[in-house]
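Every chain is numbered from 1, with letters handed out A, B, ... down the list of sequences. Computed from a prediction, not measured in an experiment: that's the story for all the values here.
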There are 2 protein chains.
Amino acid sequence: MQNLANRLQLRDFRLVQAIADTGQLALAAERLAVTQPAASRLLARLESVIGAPLFIRHPKGMTPTPIGETLARNANSLLRSLDQTLNETGAAVSGRAGTVRVGSVTGGAVGFVVPAVQNLKKITSGADIHVDVAPSDVLINGLLHGEYDFVLSRIPAGTDPRQFSVKRGRVEVIRILVRRDHPLTRFGPLKPKYLEGWEWVIQAPHTPMRQAVEEVFYSSGISLPSEIVNTTSLLVMIGYLASTDAIAPITREVADLVAPDGSEGRFVALDLEEPIIINPYHLISLKTHTLSPLAIRLRDLIFEGFSTS
Amino acid sequence: MQNLANRLQLRDFRLVQAIADTGQLALAAERLAVTQPAASRLLARLESVIGAPLFIRHPKGMTPTPIGETLARNANSLLRSLDQTLNETGAAVSGRAGTVRVGSVTGGAVGFVVPAVQNLKKITSGADIHVDVAPSDVLINGLLHGEYDFVLSRIPAGTDPRQFSVKRGRVEVIRILVRRDHPLTRFGPLKPKYLEGWEWVIQAPHTPMRQAVEEVFYSSGISLPSEIVNTTSLLVMIGYLASTDAIAPITREVADLVAPDGSEGRFVALDLEEPIIINPYHLISLKTHTLSPLAIRLRDLIFEGFSTS
DNA sequence: AATCTGCATATCAAAATTGGTATGTGCATC
DNA sequence: GATGCACATACCAATTTTGATATGCAGATT
């Protein structure tokens with residue numbers, strides 16, 4: 001188990017992954033394009049190197065032992081890294097700019113990632129850019145699993161921040177979106193008590209925005225809205241607001257998109273007397289992972305956006 | 001360049017990393033513990049697989065090409081991941097890390113699980129330890145459903161013991177808890193007949209302890225207590241005993257906690273002339289379930305506790 | 001021009017890996 | 001108790017890998 005490092009091969013990880021995925025040695029063997037006995041021998045050798053069984057054999061297949069599970073987990077991220085390596089190297093060889101994968105929370109995507117990507121496109125050609133939009137916990141998880149080069153996200157509670165390299169971002173300020181002829185538009189900056197009694201369109205419970213809004217209700221001593229439509233879809237929100245007097249909290253970035261101040265659109269974004277602020281999101285990457293030049297470029301572009309908007 | 005995946009090996013990454021680090025093939029070769037020509041051949045093969053030169057040779061060494069740099073960067077994170085994998089797996093194999101879930105009956109939790117967990121913590125890092133306390137039937141059920149690695153429990157009637165691997169545990173001895181100025185404290189070891197006539201605080205009917213106590217009443221020919229408070233809550237028990245002359249049977253382990261011998265607390269634990277003994281509980285695990293090394297460690301520690309106390 | 005440094009190539013031998021076919025074995029299910 | 005499924009083992013052949021030594025070659029240095 002000591003000079004184990006040199007006795008392990010990529011193949012072993014592929015095998016573990018395949019068995020863990022399929023639950024059957026024969027299927028795993030097929031995936032590796034070898035016969036079942038060959039796979040059996042590979043596994044036997046691997047288990048002897050590790051010094052412990054990795055899978056328990058039942059009559060109908062195999063399931064991982066706890067050790068096998070940890071190994072399978074690691075095999076997954078290892079092989080994903082390898083995959084990325086191959087992509088990047090392949091891109092470099094054929095003269096393309098490469099690949100960058102970025103995850104973002106909604107507000108960040110609209111406000112920062114999209115313009116940064118547009119800028120990046122101007123100065124590179126053949127770059128392969130992936131943008132995911134997801135909640136913070138999903139993003140952080142993906143980052144840890146090597147699915148993203150970096151993410152624009154909050155740091156969820158309970159996450160060890162030491163493993164990340166963080167560039168601090170801007171806070172998200174909430175405004176209230178309503179249709180143009182909504183009664184609330186007659187007031188100036190909204191007091192909390194005005195928020196009571198309306199139907200709401202808002203993100204699911206436990207999302208940062210929902211929490212930030214609920215916090216205001218609690219601290220103002222007014223009761224939570226009883227009529228709520230839960231959605232993350234802007235389309236649904238707009239459709240709903242257009243035909244009812246419902247109100248919806250949105251970030252400033254989204255507000256600028258949907259209802260720019262001074263415009264004559266169908267919606268109006270109202271400010272609150274005391275602004276509601278969501279936990280800020282940051283540019284987060286893994287300390288252990290060195291970013292590709294392309295990823296660095298995109299990250300820097302996004303970061304520039306923080307200060308210039 | 002397509003079926004490249006299978007032609008790359010961990011070794012190749014080590015080589016690239018070593019060359020990038022040292023800038024010289026001979027030094028890199030040394031690091032990989034091979035001769036310079038061997039390293040040269042490795043590199044040549046790798047470059048032919050990739051289809052492009054990775055390093056430019058000059059008279060004083062090598063420097064990476066852009067592609068080589070890409071590869072070196074990825075090699076770094078890849079090998080770091082590998083290292084992490086090895087650590088984690090090694091920790092799992094040796095039982096320094098991992099997850100263990102254990103369920104226990106009350107007496108076992110206080111007497112054995114807690115000290116064993118404390119000992120286990122001394123030799124682990126980052127281990128994930130879960131302890132549940134519940135009645136035996138719940139524990140066994142949980143064990144069968146894979147919720148626990150093992151349990152410290154009795155074997156309920158009607159359970160097929162063949163599916164379990166059982167390490168016999170210790171018997172639970174009952175003492176009688178009363179407040180310090182209780183009349184019974186004037187006697188030496190209690191005879192059964194002294195137990196008659198008092199108000200009792202005791203667990204619900206059909207629990208092992210209740211059964212053990214009732215058994216004594218029957219066999220001694222004295223009548224069952226007529227005034228009974230049923231509770232499993234230590235808090236209720238103590239509150240009740242403090243203000244009345246009620247008496248309560250408790251296990252020795254709990255007694256050591258609440259009323260250590262020789263202490264001057266508010267309560268006294270009395271022994272019986274003929275000790276009352278409850279059905280013993282055992283260390284029970286599923287035959288079909290392989291325990292993680294960490295779980296085995298904890299189980300062994302608990303088992304040691306059986307014999308040394 | 002001689003030399004030195006550092007990488008590449010040639011050649012050979014040994015060993016390990018790889019992969020296949022055939023067959024054994026254990027456990028459930030019928 | 002027979003059958004089937006899934007994994008393990010045995011055995012054999014071929015290829016590949018691995019590594020060492022000796023040597024070649026090119027650019028730099030003196």
Over how many whole Å does the gap from [X] atom [atom1] to [N] atom [atom2] extend?
| X | N | atom1 | atom2 | result |
| --- | --- | --- | --- | --- |
| Q24(B) | dC4(C) | CD | C1' | 13 Å |
| R41(A) | dG20(C) | CZ | P | 10 Å |
| R45(B) | dA8(C) | CZ | P | 15 Å |
| L15(A) | dT17(C) | CG | C1' | 15 Å |
| L8(A) | dT17(C) | CG | P | 12 Å |
| Q9(A) | dA16(C) | CD | P | 14 Å |

**OP:** Decide if atom CD of E47(A) counts as having more than 12 heavy atoms of other residues, nucleotides or ligands within a radius under 6.0 Å.
**Re:**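 Counting other residues, nucleotides and ligands, CD of E47(A) exceeds 12 neighbours.
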Counting C-beta onward and ignoring hydrogens, is there a side-chain heavy-atom pair between [X] and [Y] closer than 4.5 Å?
| X | Y | answer |
| --- | --- | --- |
| L32(A) | R14(A) | yes |
| R73(B) | P293(A) | yes |
| F13(B) | L82(A) | yes |

Original post:
Among residues 55-68 of chain A, which contact DNA chain C at a heavy-atom distance under 4.0 Å?
Top reply: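 Contacting residues: P59(A).
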Subject >> Stretch residues 26-39 of chain B: residues that reach within less than 4.0 Å of DNA chain D through a heavy atom >> reply: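 Output list: V34(B), T35(B), P37(B).
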Original post:
Taking the inter-plane angle between the rings of F306(B) and F112(B) on a 0 to 90° scale, is it parallel (under 30°), tilted (30 to 60°) or perpendicular (over 60°)?
Top reply: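 F306(B) vs F112(B) ring planes: perpendicular.
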If we ignore angles and hydrogens, is there a donor and acceptor under 3.5 Å between the side chains of [X] and [Y]?
| X | Y | answer |
| --- | --- | --- |
| Q84(A) | N74(B) | no |
| T63(B) | H58(B) | yes |
| N76(B) | Q17(B) | yes |

Original post:
Of all nucleotides in DNA chain D with an atom under 4.0 Å from a non-hydrogen atom of chain B, which is the first and which the last going 5' to 3'?
Top reply: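 Nucleotide range in contact with chain B: dT18(D) to dA28(D).
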Original post:
Do R299(B) and D149(B) meet the salt-bridge criterion of a basic N to acidic O distance under 4.0 Å?
Top reply: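 Between R299(B) and D149(B) there is no salt bridge, as every charged N stays at least 4.0 Å from the carboxylate O atoms.
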Original post:
Would you call R101(A)-D128(A) a salt bridge at under 4.0 Å N-O?
Top reply: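 Salt bridge flag = no for D128(A) with R101(A).
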**OP:** For S285(B) and F150(B), indicate whether the former's side chain and the latter's backbone hold a donor-acceptor pair under 3.5 Å.
**Re:**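 Here the side-chain-to-backbone pair does not exist.
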